[in-house]
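Here the structure is laid out as structure tokens; the discussion comes afterwards.
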Number of protein chains: 2
Amino acid sequence: MQNPFPIPLNAVRAIEIVARRGALAPAAEELGVTVGAVSQHVRRAEERLGFELFERTAHGLVPRPALAQVLPQISAGFAALQDGLANLSGRDELVLNLTMGSVFASRWLIWRINKFTALNPGLEVRLTVTAAMLDLGRPDIDCAIRYGLGDWPGVATSAIGGRDFSPVCAPRLAERLPDPAALAQVPVIHDQTSMLSWPLWQKAAGLDADIQWRGPRLSDASLAFDAAIAGQGVLLAADMMSADAISDGRLVRPFKMSAKGQCGYWLATAKGRREPGKVKRFRQWLASEVPASAGGYMQQMSSDLPID
Amino acid sequence: MQNPFPIPLNAVRAIEIVARRGALAPAAEELGVTVGAVSQHVRRAEERLGFELFERTAHGLVPRPALAQVLPQISAGFAALQDGLANLSGRDELVLNLTMGSVFASRWLIWRINKFTALNPGLEVRLTVTAAMLDLGRPDIDCAIRYGLGDWPGVATSAIGGRDFSPVCAPRLAERLPDPAALAQVPVIHDQTSMLSWPLWQKAAGLDADIQWRGPRLSDASLAFDAAIAGQGVLLAADMMSADAISDGRLVRPFKMSAKGQCGYWLATAKGRREPGKVKRFRQWLASEVPASAGGYMQQMSSDLPID
DNA sequence: ATTTTGCATATAGATAATCTATATCGCTGA
DNA sequence: TCAGCGATATAGATTATCTATATGCAAAAT
């Protein structure tokens with residue numbers, strides 16, 4: 001019977017990680033070995049197979065077409081093995097590893113995650129907050145919540161919400177804004193990292209979409225929120241993200257007029273990955289918590305109070 | 001980052017094979033190592049995990065519920081890896097490994113497989129002929145053709161045909177059979193291995209289904225066919241399997257009356273396994289060749305001849 | 001043009017995983 | 001009671017895999 005594994009399983013795993021991560025160093029880190037060890041796995045596998053698996057570039061290793069073509073299959077194989085083993089030892093259900101952007105974490109989830117963990121005693125939730133999306137194939141990531149078009153390659157997505165957005169500002173600044181045209185007279189905060197579009201809102205408000213408003217340029221989304229609360233300008237924010245600050249009076253929507261964009265928040269998982277119970281439960285909790293949170297946490301608290 | 005593989009990949013593979021095959025010896029054979037090596041893999045994995053994976057019995061190792069539950073996932077993982085690697089090196093398309101019963105092999109496929117290989121130059125077909133169905137998860141088996149209800153666990157099936165069956169015999173014996181009741185006066189061949197049902201046919205022929213006819217009892221299906229051709233009795237045979245001998249005059253259907261059973265021939269593959277091109281092409285070839293062969297190969301040869 | 005940085009590669013030798021060979025044990029069936 | 005079948009344990013050999021170290025190459029920064 002011909003051996004179905006012409007190269008060692010450890011080498012196959014190293015190759016899969018290199019192909020997925022794009023370089024030896026992150027692969028070595030994920031495997032917990034040195035770069036030299038990973039390099040040897042790749043080289044000896046190529047010798048054994050008789051052809052090259054990667055193109056060598058100055059920026060790392062690029063899978064050749066033959067490897068790229070079978071990579072989804074091999075990745076799926078290791079994902080199935082990892083999930084199976086996690087289920088076997090039962091540890092899969094002890095920790096939920098979430099990754100997301102700073103706005104979703106600090107403006108929405110952090111205020112509500114206690115409800116989810118209260119429903120799931122024994123389940124620890126760990127957040128990894130990054131500006132750029134992480135590789136969801138990593139074994140230490142269960143799922144992500146990201147803002148965007150939702151068309152990331154190799155990622156399965158389901159919509160959470162957050163496509164509606166509006167200008168928000170401190171109440172005292174709102175007094176200077178009888179109508180949208182008045183935005184020319186106050187500072188407007190430009191969040192360099194944001195995918196929200198002032199021109200799209202301007203168009204929805206019947207304004208000229210070419211108008212460029214002046215104001216501070218920030219490159220941290222959470223800082224932009226804080227600046228708006230501090231009265232330093234008007235910020236364009238997803239309604240879902242500003243709802244809490246609206247509900248407790250720290251922010252107001254001066255015009256009560258939203259625009260709807262192509263982007264929104266998505267629950268994202270690696271394609272082909274089996275969904276463990278903890279991720280299913282988190283998804284279900286989100287599906288009920290997001291609509292309930294539309295009015296912000298002050299309004300939600302009063303409606304969450306027990307009647308009896 | 002926690003290691004997603006608490007036990008070595010080689011051990012996981014050994015465990016999967018043991019769980020699937022039921023004992024250390026066949027697992028050792030599939031892995032190409034000694035029984036002691038496999039036993040050590042299992043034992044050290046159990047020590048590392050802190051719980052037992054198998055119940056020890058006198059007849060072999062039985063997966064404990066925790067392992068049994070995740071086994072489909074782990075098996076799927078290795079199948080995906082194996083298929084991916086086979087695709088990578090391109091050898092997946094060089095040999096088609098088929099397994100089937102002796103009747104299908106000797107009475108149908110062996111007369112026609114040349115047509116398939118003529119359409120697939122470079123593809124070698126290997127047959128493994130067994131009475132009992134083999135484990136389709138084995139890496140050296142691509143697919144099977146088996147007769148039965150088609151409800152084998154862990155097996156994906158598609159129907160080929162062969163549910164109709166009739167009595168067949170040598171022409172000179174047919175002269176003694178003016179009607180079905182005359183079967184009481186001739187020997188009737190009983191194939192102990194057959195799933196075909198005389199009572200079902202008797203019922204369809206308007207006879208008493210309790211009638212027990214006398215005749216030789218054989219425990220080899222191919223031998224039963226040879227005995228019928230030799231004029232030693234009347235045999236109940238799937239129409240699909242007797243068609244060739246009917247078309248060249250070695251056998252006749254004395255009553256021109258078929259019954260239809262629950263059993264039939266199925267193309268079977270391991271569930272969850274990716275279907276390589278060679279299996280797809282074999283499936284497609286079967287789908288056209290089986291209907292074309294209904295009249296037997298003598299009739300099929302004249303209709304296969306080129307017209308121009 | 002030179003230097004620095006980032007990434008891959010090669011090699012020797014150490015370490016750990018895995019194997020074989022052998023003996024032994026336990027259960028079942030004759 | 002004995003033979004056969006299957007698993008287990010152990011010592012030591014073999015192989016896989018690793019680390020440490022030095023080196024090479026290309027791109028980016030100065």
Side-chain angles (χ1 to χ4, degrees), chain A residues 1 3-64 67-68 78 81 85 132 135, chain B residues 1 3-64 67-68 78 81 85 132 135:
Chain A
M1 177 184 314
N3 183 12
F5 292 100
I7 55 182
L9 282 168
N10 289 329
V12 181
R13 183 173 175 224
I15 287 160
E16 190 271 333
I17 298 175
V18 171
R20 181 163 41 81
R21 303 294 292 269
L24 294 174
E29 190 203 355
E30 187 168 327
L31 281 165
V33 301
T34 63
V35 166
V38 180
S39 181
Q40 280 181 73
H41 275 307
V42 172
R43 264 302 184 189
R44 281 202 296 269
E46 288 176 330
E47 282 167 12
R48 186 78 67 88
L49 293 170
F51 55 89
E52 282 197 346
L53 297 166
F54 293 95
E55 179 191 355
R56 271 69 177 175
T57 79
H59 311 102
L61 302 178
V62 179
R64 289 196 183 276
L67 176 59
F78 280 115
L81 293 180
L85 288 169
D135 165 31
Chain B
M1 186 184 308
N3 182 12
F5 292 101
I7 54 181
L9 281 168
N10 288 328
V12 181
R13 185 173 171 223
I15 288 162
E16 190 272 333
I17 299 174
V18 172
R20 179 162 43 80
R21 302 293 292 271
L24 294 174
E29 190 203 355
E30 187 166 328
L31 280 164
V33 300
T34 62
V35 166
V38 181
S39 181
Q40 279 180 76
H41 275 307
V42 172
R43 264 303 184 187
R44 282 201 296 267
E46 287 175 329
E47 282 165 12
R48 187 81 67 90
L49 292 170
F51 55 89
E52 282 198 346
L53 298 167
F54 293 93
E55 179 192 355
R56 271 70 176 174
T57 79
H59 311 101
L61 302 177
V62 179
R64 289 197 183 276
L67 175 60
F78 280 115
L81 292 180
L85 287 169
D135 165 30

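Convention: sequence-line order gives letters A, B, ...; per-chain numbering from 1.
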Quiz item: Counting only non-hydrogen atoms, which of residues 52-63 of chain B are less than 4.0 Å from DNA chain D?
Solution: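 Going residue by residue through residues 52-63 of chain B, the ones with a heavy atom under 4.0 Å of DNA chain D turn out to be B:Arg56, B:Ala58, B:Gly60, B:Leu61.
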Quiz item: Would you call B:Arg43 and B:Glu46 a salt bridge, using N to O less than 4.0 angstrom?
Solution: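 The answer is yes: the pair qualifies as a salt bridge.
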Would you indicate whether the side-chain heavy atoms of [Y] and [X] approach each other to under 4.5 Å?
X: A:Asn10; Y: B:Phe5; value: no
X: B:Arg56; Y: B:Leu61; value: yes
X: B:Val12; Y: A:Leu9; value: no

Heavy atoms only: give me the nearest [X]-[Y] pair and the separation to one decimal.
X: B:Val18; Y: B:Ala27; value: CG2-CB, 3.5 Å
X: B:Leu53; Y: B:Leu67; value: O-CD2, 3.6 Å
X: A:Pro4; Y: A:Pro6; value: O-CD, 3.3 Å
X: A:Ala14; Y: A:Val38; value: CB-CG1, 4.4 Å

Just compare [options] and give me whichever is closest to any side-chain atom of [X].
X: B:Leu24; options: D:dC18, C:dC7, D:dT8; answer: D:dT8
X: B:Ser39; options: D:dT8, C:dT11, C:dT9; answer: D:dT8
X: B:Ala23; options: C:dT18, D:dC18, D:dG6; answer: D:dG6
X: B:Arg43; options: D:dC18, D:dT8, C:dA10; answer: D:dT8

Whole angstrom value for the distance that separates [atom2] of [N] from [atom1] of [X]:
X: B:Gln40; N: D:dT8; atom1: CD; atom2: P; result: 11 Å
X: B:Arg21; N: D:dG6; atom1: CZ; atom2: P; result: 13 Å
X: B:Phe5; N: D:dT17; atom1: CZ; atom2: C1'; result: 17 Å
X: A:Arg44; N: D:dC18; atom1: CZ; atom2: C1'; result: 9 Å

Quiz item: Contact class for A:Val35 (heavy atom, under 4.0 Å): base, sugar-phosphate, or nothing?
Solution: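 Base contact.
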Quiz item: Is any side-chain N or O of B:His41 closer than 4.0 Å to OP1 or OP2 of C:dA17?
Solution: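 So the side chain of B:His41 is outside the cut-off, no N or O lying under 4.0 Å from OP1 or OP2 of C:dA17.
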Practice problem: Compare side-chain N and O positions of A:Thr34 against OP1 and OP2 of D:dT19 and report whether any pair is under 4.0 Å apart. | Solution: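 It does, given that an N or O in the side chain of A:Thr34 lies less than 4.0 Å from OP1 or OP2 of D:dT19.
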Quiz item: A:Ile15 and A:Ile7: side chain to side chain contact (heavy atoms under 4.5 Å, CB included), yes or no, with the steps?
Solution: CA-CA 11 Å; A:Ile15 287 160; A:Ile7 55 182; 3.9 Å; yes
Quiz item: Where along residues 7-19 of chain B does a heavy atom fall under 4.0 Å from DNA chain C?
Solution: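 Within this stretch, B:Pro8, B:Asn10 sit under 4.0 Å of the strand.
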